[in-house]
Amino acid sequence: MKDALKVFSGNANPVLAQKICDHLGIPVAPVEIGRFSNDNQFVQIQENVRERDVFVIQPFTEPVSEHIMELLIMLDAMRSASAKRITAVIPYYSYARSDKKDAPRISIAGRLIADLIQTAGANRVLTMDLHADQVHGFFNIPVDHLTAIPTIAKHFKAGYDLSNMVAVATDAGGAKRVGRFSERMNIPMAIIDKRRVSDTKVKQGFVVGEVKGRDAVIFEDEIATGGTLVATINTLVQAGAHSVHAGAVHPVLCGPAIDRLREAAVESVVVTNTCHIPEQKNLDKLTCLSIAPLFAEAIKRIHTGESVGALFT
Ligand code: R5P
């Protein structure tokens with residue numbers, strides 16, 4: 001297996017790629033990524049990939065457009081170099097948020113990026129906790145859609161008293177995800193009525209479900225600017241929650257997110273390492289769980305033709 005399987009990384013999260021390869025017991029395969037003097041990107045694979053099963057790891061983190069372009073050129077280079085099968089490993093697919101035409105004259109860019117990934121040469125996609133499950137359908141190639149719900153649930157189960165806990169969805173769109181989380185935790189759930197006012201601001205209203213006097217765990221796919229999370233924390237405090245914790249898969253943590261979280265009345269925030277968190281964004285109340293073992297196992301199973309779904313039963 002070791003020679004037939006090759007794992008490459010773009011520049012978005014090389015730390016995660018290294019951890020995944022450590023679990024697989026193989027080195028990250030060498031690639032040169034650079035830039036021509038006219039600002040065009042340049043990629044050269046530094047070893048033979050002919051007839052190999054190739055995986056390219058690149059979450060869509062800031063600078064998102066640079067990282068997407070880098071992935072596309074890497075995929076194209078793999079195809080030109082006669083790789084047998086190419087899997088784009090995208091732990092965080094940021095454009096999943098652009099999944100519908102909810103305003104006139106806009107693009108469903110999540111679909112456009114899926115088309116580009118396929119055109120560039122990907123034969124498969126491996127990703128995690130898409131903003132909406134149906135984004136999976138934007139791809140005409142097989143997609144393995146992993147989830148960090150068991151990883152985050154295990155963290156709370158191990159360190160907290162669950163007897164008074166309630167899982168909270170920040171809006172109706174997240175209710176299904178939180179339903180799965182609350183089932184794993186074996187606790188009830190509540191939903192908050194949310195309206196997005198702008199990219200960085202949200203407005204919340206009624207709480208559906210019992211939160212008064214309870215330990216609330218907000219569960220989210222991502223924390224971007226932190227606007228949704230902080231509004232939810234405030235709503236729960238006003239509704240009389242005893243304590244508030246949060247779990248989110250993707251720590252995008254852009255713009256004012258860290259300052260907002262630092263000030264917020266939340267006791268702990270648990271995320272995963274799909275997106276790299278630089279040192280200056282670390283907070284005492286922020287815990288980062290590694291999903292590298294899960295990605296490594298999925299890559300191994302895709303390579304050997306075993307079930308990936310069985311990982312979650
Ligand atoms: C929205 O529907 C998502 O589930 C997240 O709540 C949202 O992406 C978080 O964005 P922000 O942190 O900027 O409010």
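What you see below is based on every heavy atom in this structure, not just the backbone, and it leaves out hydrogens, waters and symmetry mates. Because the structure is predicted, anything quoted here is derived from the model rather than measured. Counting starts at 1 for both ligands and their atoms, in listed order.
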Visitor: Residues in side chain to side chain donor-acceptor pair (under 3.5 Å) with D115, at least two apart?
Guide: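 Once residues adjacent in sequence are excluded, the partners of D115 under the side chain to side chain donor-acceptor pair (under 3.5 Å) criterion are R111.
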Visitor: Under a strict 4.0 Å criterion on non-hydrogen atoms, which protein residues are in contact with ligand 1?
Guide: R97, H131, D171, K194, R196, E220, D221, E222, I223, A224, T225, G226, G227, T228
Visitor: Return yes when atom CZ of R50 has more than 12 non-hydrogen atoms of other residues, nucleotides or ligands closer than 6.0 Å, and no otherwise.
Guide: no
Visitor: Evaluate whether atom NZ of K84 has more than 12 neighbouring non-hydrogen atoms of other residues, nucleotides or ligands under 6.0 angstrom away.
Guide: no
Visitor: N164: what forms a side chain to side chain contact (heavy atoms under 4.5 Å, CB included) with it, not counting sequence neighbours?
Guide: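 Expected list: R214, D215.
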Visitor: Taking atom CD of E279 as the centre, report whether more than 12 heavy atoms of other residues, nucleotides or ligands fall under 6.0 Å from it.
Guide: no
Visitor: Checking Y93 now: which residues fulfil ring pair (Phe, Tyr, Trp, His ring centres under 6.0 Å) with it, not counting sequence neighbours?
Guide: F60, F139
